[in-house]
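For this chain, numbers begin at 1 and follow the sequence in order. Both counts, for ligands and for their atoms, begin at 1 and track the order of listing.
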Amino acid sequence: MSGTRTERLDRLRLKERVSVLVVGGGINGISTWRELALQGVDAVLVERGDFMSGASAAPSRMIHGGLRYMENGEFTLVRESLRERNRLLTNAPHMVSPLPTLIPLGDRRSGILSAIQRFLGGRPKPGPRGALIVKLGLTLYDLYSGAGKAVPRHRFFGTRELRRRVPALDPALRFGALYYDAKISYPERLGVEMILDTEQASPPALALNHVSFDGLSDGAAILTEKVTGEKISLRPDIVVNATGAWIDITNGLIAKNPAPLIGGTKGSHLIIDNDALRDALGENMVYFANREGRVCIMFVHLGQVLAGSTDISVETPEGVRCEADEADYILASVREVFPGIKIASEEIVFRFAGVRPLPRSNAGVNAEISRDHQCEWLPEQAGSPPVLSLVGGKWTTFRAFGEQAADLVLERLGRRRIVSTQALKIGGGKDFPRDAAERKKWLTDLAALDELTAERVSILFNRYGTRVAAMVADISRQGDEPLASLPAYGRSELSWLAAREHAGTLADLVLRRTAIALKGELSLDAVEEIAGVMAAALGWSEQRRVAEIGALLSHLEDFHGVGRATLEHRNRRQDHVSVEKSAHEPAVRKRQMS
Ligand SMILES: Cc1cc2nc3c(=O)[nH]c(=O)nc-3n(C[C@H](O)[C@H](O)[C@H](O)COP(=O)(O)OP(=O)(O)OC[C@H]3O[C@@H](n4cnc5c(N)ncnc54)[C@H](O)[C@@H]3O)c2cc1C
């Protein structure tokens, strides 16, 4: 096991040398580090913020082949992505599940001319796609995805069936196509679970968040522990640069004028708490091309509606956030599909943005930039370790990308692969019940062992999968007292996450180990109360607790559109009931009743 942060930092200080230093703890850095550590390679992972806090926390939460990428002729990528999607459905069933996806269409023939132009090497402007071109795309998609096995095949229907299924759609939309992809409920957690699994399987492996890589000095990496500012030096044989949209900046810390590799584009999403929109969507994702021809998505995610996204070239990934004009753009796109549904500004409970680390490109339209991934060695410099950069990549393909990068590193180290991750179950997806009956028995057995009701165990299971078995034993010992300000969460539950899952700051806990902030559940009282729980779990001083609250409040206001006034207002909300809680049963606790 990895021990506490203090113990991990001590191990880092004592290390001096390491075979591989992976810089960047997004999904691709974690995946590469996991691959290497599982082969017995001495590997250290450093992330300057929290794990999974960059682009990896900002996806549309689709685990997909990328139907749209077929328009760009990226068939190999689509095939690989669909293979990885199917693997994730099996390896992480606690988080990745099939997503029925509805494409509403206005006519039959649009898009055919553009498709032919593209096929002939042209670059037509994006525009609407008609039923015939979508039918062609979905037939190929089914073929690649093994539809019929992992997920059902696509279907087409006419106006009457479309109206019956989604009455609130714009009447101008006359056809519908339904196909299946997948979605992920807690992407940030999956990355952290991979770290926890790897630490257990390969105890020498070391992963530290809140530690930045600041460059090389005489071949040694200079690292900074962000809480105290302490400098630590480490001599790696190989450096893997997995800093996503920051890759060029990181390479600039290592080499003079390195060739630029990245051309990032910003994408933003809104989380909307609106009953009419939630009801209109039901269990479907609506996947549609807006007036500009840009593909937009919306679906119910953890009880709220997730809608996005934008695709805007940016010079730097620093400080990006969902700006007001982007929010307007997303809302306008939603109105195109559901013109009768009014969304009030206070119903936007959270917003988030990230930068896609796309390969540098001169494509005229951002949507046409390749979503594929590749690895590039920096030209070697005397006295400096070799540096491998991970360029591009989708969330869905992290395993394949990590495997590819690790194989290049293994070759360089003269070592062989001994373990494959293709069928490796992740975190709370291990020993996952195979069907509803098995799940019911699993939950009842667990509840009987510990002093929680089956309902409470079920809520925890939805959040943490089978990891809940370890958590519940602990909760049972400590007592399952709910937060006064947010009863859907327990004090012991949050304390367990803080102590066991590398949470270094208050923001780590409310933004990434849980979805409390994203779901719009956070109030000012909850911030105070959770900070108290975390301070007790991690032994923070009063000064540190207050500083953490201040840092979280600024971050929520600056990057997620959640100001202090909103949080205060949520304190007063009489009917404040957790969306998740209302979707399940009230969490009655045996211990409290006895
Ligand atoms: C709006 C949007 C929607 C998307 N939707 C989807 C989707 O639905 N499905 C899908 O498959 N993909 C999607 N993607 C793509 C996917 O999210 C990204 O490709 C993927 O998360 C990139 O992961 P990464 O690890 O390469 O980069 P990141 O997650 O950005 O990780 C890089 C990390 O490096 C760290 N770092 C930087 N500099 C340093 C340093 N000096 N020292 C230490 N650490 C450092 C950063 O803090 C960051 O955490 C989407 C992306 C965006 C932005």
Can you list the atoms of ligand 1 that are under 4.0 Å from a heavy atom of [X]?
| X | result |
| --- | --- |
| R61 | 8 (O) |
| G24 | 33 (C), 34 (O), 35 (C), 44 (N) |
| G244 | 26 (O), 27 (O), 32 (C) |
| V23 | 40 (C), 42 (N), 43 (C) |
| G267 | 1 (C) |

Are any of the N or O atoms of [X] closer than 3.5 Å to those of ligand 1?
| X | result |
| --- | --- |
| S309 | no |
| D50 | no |
| I63 | no |
| I27 | yes |
| R356 | no |
| S212 | no |
| M62 | yes |
| A58 | no |
| R48 | yes |
| G393 | yes |

Can you report which non-hydrogen protein atom sits closest to [atom], along with the distance?
| atom | value |
| --- | --- |
| atom 17 (O) of ligand 1 | A55 O, 3.3 Å |
| atom 50 (C) of ligand 1 | P59 CA, 3.8 Å |
| atom 5 (N) of ligand 1 | S60 N, 2.9 Å |
| atom 42 (N) of ligand 1 | F213 N, 3.0 Å |
| atom 47 (O) of ligand 1 | E47 OE2, 2.7 Å |
| atom 31 (O) of ligand 1 | G26 CA, 3.4 Å |
| atom 16 (C) of ligand 1 | W395 N, 3.5 Å |
| atom 25 (O) of ligand 1 | N28 N, 3.1 Å |

Starting from the C-alpha separation in whole Å, work towards a yes-or-no answer on ring pair (Phe, Tyr, Trp, His ring centres under 6.0 Å) for Y179 and Y141.
CA-CA 9 Å; Y179 75 104; Y141 203 70; 5.5 Å; yes
Minimum heavy-atom distance between C322 and S268, given as atom pair plus value:
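Looking at all heavy atoms of both residues, the closest pair is CA-OG, 3.4 Å.
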So does [X] pair up with [Y], basic N to acidic O under 4.0 Å?
| X | Y | answer |
| --- | --- | --- |
| E80 | R83 | no |
| K15 | D10 | no |
| D311 | K266 | no |
| K519 | D273 | no |
| R34 | E199 | no |
| E230 | R13 | yes |
| D214 | K231 | yes |
| E318 | R48 | yes |
| R351 | E323 | no |
| R399 | E403 | yes |
| R189 | D508 | no |

One residue to check: [X]. Relative to ligand 1, which of side chain, backbone, both or neither has a non-hydrogen atom less than 4.0 Å away?
| X | value |
| --- | --- |
| W246 | side chain |
| H269 | side chain |
| A353 | neither |
| M52 | neither |

Using heavy-atom distances, let me know which of T396, T243, T310 sits nearest atom 37 (C) of ligand 1.
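Looking at heavy atoms only, T243 sits closest to atom 37 (C) of ligand 1.
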Is the CG atom of N257 crowded by more than 12 outside heavy atoms at less than 6.0 Å?
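For N257, atom CG is not crowded (no more than 12 foreign heavy atoms under 6.0 Å).
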Which of these, L12, V46, L208, L9, sits in a side chain to side chain contact (heavy atoms under 4.5 Å, CB included) with E225?
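For E225, the side chain to side chain contact (heavy atoms under 4.5 Å, CB included) check succeeds only for L9.
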Using the rule given for salt bridge (charged side-chain N to carboxylate O under 4.0 Å, His left out), can you reason through K394 versus D372, listing the C-alpha separation, both sets of side-chain angles and the distance that settles it, and then say yes or no?
CA-CA 7 Å; K394 284 151 45 86; D372 212 344; over 6 Å; no
